[in-house]
Amino acid sequence: MPNSATPTHCPYCALQCGMNLTPLQGGGVAVVERPDFPVNKGALCGKGRTAPAVLESSVRLTSPLVRSGGTLVPATWDEALDRVAEGLARTRTEHGPDACGVFGGGGLTNEKAYSLGKFARIVLGTSQIDYNGRFCMSSAAAAGIKAFGLDRGLPFPLEDIPRTGCVILVGSNLAETMPPSLRFFNELRENGGTLVVVDPRRTKTAEQADLHLAPRPGTDLALALGLLHLVVAEGRVDEEYVQERTAGWEDARAAAMAHWPEYVERITGVSVPELREAVRLFCEPEHAMVLTARGPEQQSKGTDTVGAWINLCLATGRAGRPLSGYGCLTGQGNGQGGREHGQKADQLPGYRKLDDPAARRHVAEVWGVDPDSLPGPGRSAYELLDALGSDIKSLLLMGSNPVVSAPRAAHIEERIKSLDFLAVCDVVLSETAALADVVLPVTQWAEETGTTTNLEGRVLLRRRAIGPPEGVRSDLEVMHELAARLGGGKGTALEKGFPTDAEEVFEELRRASAGGAADYSGITYRRLAEEDGVFWPCPAVSATGEEGKSAAAHPGTPRLFLDRFATPDGRARFVPVSHRAAAEEPDDEYPVLLTTGRVVAQYQSGAQTRRVAELNAAAPGPFVELHPRLAARLGAAEGDPVAVISRRGRAVAPARITTGIRPDTVFMPFHWPGEGRANTLTNPALDPTSRMPEFKACAVRVEAVKS
């Protein structure tokens, strides 16, 4: 136990706010402000302030559990690990390696995510690995790669936001999902800039806006195309920029011109005067940004939707210039780093593509294996979960709770129950862990050292501040022990390939990422401890300067694309897109649209935050937000139970009546299991490029529940 404060980072969202942890007399730690960290300057939301509550033994797992006679009972670590190894080995022998699945999480550190991808591919030999980050920002990643040749959530630091002229914020309620970030937008307005918020609800964030556009859920693509049409019609295209720094403009222009303002108004419900005002606010300042979040991304056309917003930035010269650009507000704590280093179905460390022979050779050499032994790309997250019990017989799951978080959740719960074998590594007994054959209790943020990568692409060092309870081990230890059991025993090459020391894993990650798009090779734990994080790409510098002196270390890359984009010719690509309907539009049987999201006091599936008394007092359960006109038609009053029914199931929760939502739309938060589980209803229709499910729009009917 250190005697002084330990600087570290919050375990929740992708801001990765800085905090200090101080030891308490009698055990445990307290959160203390860390004003020197530039992202939050000491500010924390309620989740960050109360994060130590989940460290308490009374709310967490402290012993391995194994299923016996239908019940989970305590077991020794050797017994539990033997059961996991036996279950995976049996599946591999009887059905082949691809019958073993691995499912990770966007909260795992870079070291864990890297090791998990390596474990799946060289210990199990399976292609069937993905993670819940696929549900987070994969559409934005796919669109960014198409347009810019590279995906990094924000291509600039958050500190640039107050100095731009206008921000269009699409589908983000950051006042509730990442409250400390709101200061950047408040400073923007104090400096004379403007904020345009696109959201079907009048959220706490929308209340801060100079202009709030409230489109029907699922119509953000048409909205972006309508704005680009007006940019062209009003002569606001930056022709010089388009000619010098982009390609493909004519086709994108033609597609946008088919979306005239009155047509877009009919699709979206956003009036033509509002469209024109948004264009004026965005185009008149010298600098401007578009930032997207889950609203436009979690759609069956999310990649095209984000692409349309990127096209708006490119046409107006707002990308690859100081204080301007397109960016994505990553949601999960390590959603960025989690996919960069190998737990995504199609990627190897360093953001390398799994089907690229050169990438396979490079990573295989670091791992000491034959490139041909590496499996190819596997299923995306929902497709992997949907295959459980049929093609995939056993599953190793780390840091995710798909029983609550997956779309069409009742179906996924049944698929999980149909597995021959399920092992879960988690901090708490989540709804998914409760279905497992073996549950392994693992360390969490304050009890371990490791790195994360925040929404800016800033690699950060989380430091261990306290030891875990007796009986709890790290995920790295779990993989080390399983590699030994599945790979021939102690002292074998496989066991040695999975160190338990996080810094040792990171050193290997540096080598594996070297030369890749997400190059971490110039980043070390020492640098991270001495600096406020390092922005990737940060290659190692091996050149020598005058008189044989070593060249200075690479400073990292806070701002991308200022000289060129990451495409072969350095030009950004316009991608022509056209509006299309949501996968499921309202009809006579299901006449209302459902959209889902978060509330400030809970996080993701709620597995941890629902165990914190203060947070539960602020947000004790699910609700259905609906407009007074819809409530009147149902005969429902505030607090009355209402049922929301889709083609996939039924959820019941109290009514919350507000004029802040469209009359044709209802909203449910997705943090709770049981009869109020929002994801019972959601549609797993997938974007054809990103494989992102359409969480944000599905057809439902709403009924009053009679007592």
Side-chain angles (χ1 to χ4, degrees), residues 87-88 91 95 97-108 113 116-117 120 124 126-139 294 298 300 302 331-332 335 338-339 343-347 375 377-426 430-437 439 583 596 604-607 646-649 670 673 677-688 690-695 698:
L88 295 172
T91 295
H95 303 285
D98 274 356
C100 296
V102 177
F103 199 84
L108 300 182
L116 189 60
L124 296 177
T126 183
S127 65
Q128 300 304 303
I129 174 171
D130 211 78
Y131 82 129
N132 63 14
R134 176 80 68 169
F135 300 158
C136 178
M137 58 173 289
S138 57
S139 292
R294 306 303 78 74
Q298 287 180 329
S300 59
Q332 295 189 78
R339 71 179 179 282
Q343 64 174 334
K344 192 163 172 277
D346 57 349
Q347 288 180 188
R379 292 176 173 89
S380 70
Y382 180 79
E383 292 165 305
L384 189 158
L385 294 171
D386 190 39
L388 299 181
S390 54
D391 293 341
I392 299 173
K393 305 295 185 181
S394 293
L395 181 68
L396 173 64
L397 186 147
M398 282 189 178
S400 186
N401 189 18
V403 166
V404 178
S405 63
R408 198 184 173 196
H411 169 72
I412 295 304
E413 183 174 355
E414 290 305 311
R415 300 319 309 151
I416 290 172
K417 289 178 179 177
S418 72
L419 284 164
D420 292 348
F421 180 79
L422 171 64
V424 174
C425 300
D426 210 331
S430 71
E431 288 71 22
T432 305
L435 303 177
D437 297 285
V439 184
T596 64
Q604 304 299 75
S605 75
S646 78
R647 290 178 173 86
R648 289 152 296 280
F670 55 71
R677 180 174 59 184
N679 278 318
T680 297
L681 310 168
T682 48
N683 191 353
L686 301 180
D687 179 287
S690 69
R691 316 309 288 170
M692 168 83 85
E694 190 153 59
F695 287 100
C698 72

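Positions are given from 1 along the sequence.
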Asks: Do Thr682 and Glu694 have side-chain heavy atoms sitting under 4.5 Å apart?
Replies: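 No; the side chains remain at least 4.5 Å from each other.
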Asks: So, does Asp437 use its side chain to make a donor-acceptor pair with the main chain of Ala423 at under 3.5 Å?
Replies: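 Judged by distance alone, no pair lies under 3.5 Å.
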Asks: Without swapping roles, check the side chain of Arg415 against the backbone of Ala387 for a donor-acceptor pair under 3.5 Å.
Replies: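 Checking the backbone N and O of Ala387 against the side chain of Arg415, no donor-acceptor pair under 3.5 Å is found.
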Asks: To the closest 0.5 Å, what do you measure between OH (Tyr131) and CG (Leu116)?
Replies: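 With rounding to 0.5 Å, OH (Tyr131) is 12.0 Å from CG (Leu116).
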Asks: Can you name the nearest heavy-atom pair linking Ala99 to His95, along with the distance?
Replies: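 Shortest heavy-atom separation between Ala99 and His95 comes out as CB-CB, 3.4 Å.
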Asks: Looking only at atom types and distance, does a side-chain atom of Arg648 sit under 3.5 Å from a main-chain N or O of Leu681, one as donor and one as acceptor?
Replies: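 Side chain of Arg648 to backbone of Leu681: a pair is present.
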Asks: Distance check, rounded to the nearest 0.5 Å: Ile392 atom CD1 versus Asp386 atom CG?
Replies: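 Result: 9.5 Å between the selected atoms.
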Asks: Using every non-hydrogen atom in the two residues, find where Arg134 and Met692 come nearest and quote the distance to one decimal.
Replies: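 Smallest heavy-atom distance, with atoms named: O-SD, 3.4 Å.
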Asks: Where is the tightest heavy-atom contact between Ala406 and Phe695, given as atom of each residue plus distance?
Replies: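 Distance-wise, the nearest heavy atoms are C-CE2, 4.2 Å.
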Asks: Using every non-hydrogen atom in the two residues, find where Pro684 and Pro693 come nearest and quote the distance to one decimal.
Replies: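 Looking at all heavy atoms of both residues, the closest pair is CA-CB, 4.2 Å.
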Asks: Provide the closest heavy-atom pair for Gly104 versus Gln343 in the form atom of the first, atom of the second, distance.
Replies: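 In this case the closest contact between Gly104 and Gln343 is CA-OE1, 3.3 Å.
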Asks: Roughly how far, to the nearest 0.5 Å, is the CZ atom of Arg294 from the SG atom of Cys136?
Replies: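 Cys136 atom SG to Arg294 atom CZ measures 4.5 Å (nearest 0.5 Å).
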Asks: How many angstroms lie between CZ in Arg408 and OH in Tyr382, if you round to the nearest 0.5 Å?
Replies: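 Here the interatomic distance stands at 4.5 Å.
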Asks: Could you walk me through whether Asp130 and Ser380 pass the side-chain hydrogen bond (donor to acceptor under 3.5 Å, both in side chains) check?
Replies: CA-CA 6 Å; Asp130 211 78; Ser380 70; 5.9 Å; no
Asks: For Ser127 and Asp98, work out which heavy atoms get closest and say how close.
Replies: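 Taking every non-hydrogen atom into account, N-OD1, 2.8 Å.
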Asks: Under 4.5 Å between any side-chain heavy atoms of Phe670 and Gln604, yes or no?
Replies: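 Heavy-atom side-chain distance check passes, below 4.5 Å.
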Asks: What residues, two or more places apart in sequence or in another chain, satisfy salt bridge (Lys or Arg N to Asp or Glu O under 4.0 Å) together with Lys393?
Replies: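 Testing Lys393 for salt bridge (Lys or Arg N to Asp or Glu O under 4.0 Å), a comparison that skips the adjacent residues, returns none.
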Asks: Counting N and O atoms only, with roles assigned by atom type, does the side chain of Asp687 sit under 3.5 Å from a partner on the main chain of Gly302, one being a donor and the other an acceptor?
Replies: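 Yes; judged by distance alone, with no hydrogens or angles, the pair exists.
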Asks: Using side chain to side chain donor-acceptor pair (under 3.5 Å) as the criterion, list what pairs up with Arg379, not counting sequence neighbours.
Replies: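 Residues passing side chain to side chain donor-acceptor pair (under 3.5 Å) with Arg379: Gln128, Asp391.
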Asks: Hey, what do you get for CZ (Phe135) to CG (Leu385), rounding to the nearest 0.5 Å?
Replies: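 It is 5.5 Å, given to the nearest 0.5 Å.
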Asks: Do the side chain of Ser394 and the main chain of Cys100 share a donor and acceptor less than 3.5 angstrom apart?
Replies: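 No: the side chain of Ser394 does not pair with the backbone of Cys100.
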Asks: Could you give the distance from CZ (Arg339) to CG (Asp346), rounded to the nearest 0.5 Å?
Replies: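 If I round to the nearest 0.5 Å, the distance is 11.0 Å.
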Asks: Can you give the donor-acceptor pairs under 3.5 Å from side chains of residues 396-404 to other protein atoms, not counting sequence neighbours?
Replies:
| from | atom 1 | to | atom 2 | distance (Å) |
| --- | --- | --- | --- | --- |
| Ser400 | OG | Asn132 | ND2 | 3.1 |
| Asn401 | OD1 | Thr432 | N | 3.0 |
| Asn401 | OD1 | Thr432 | OG1 | 2.6 |
| Asn401 | ND2 | Glu431 | OE1 | 2.9 |
| Asn401 | ND2 | Ser605 | OG | 3.1 |

Asks: Looking at side-chain heavy atoms only, is the closest gap between Leu395 and Leu384 below 4.5 Å?
Replies: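 A side-chain contact exists here, since the closest heavy-atom pair is under 4.5 Å.
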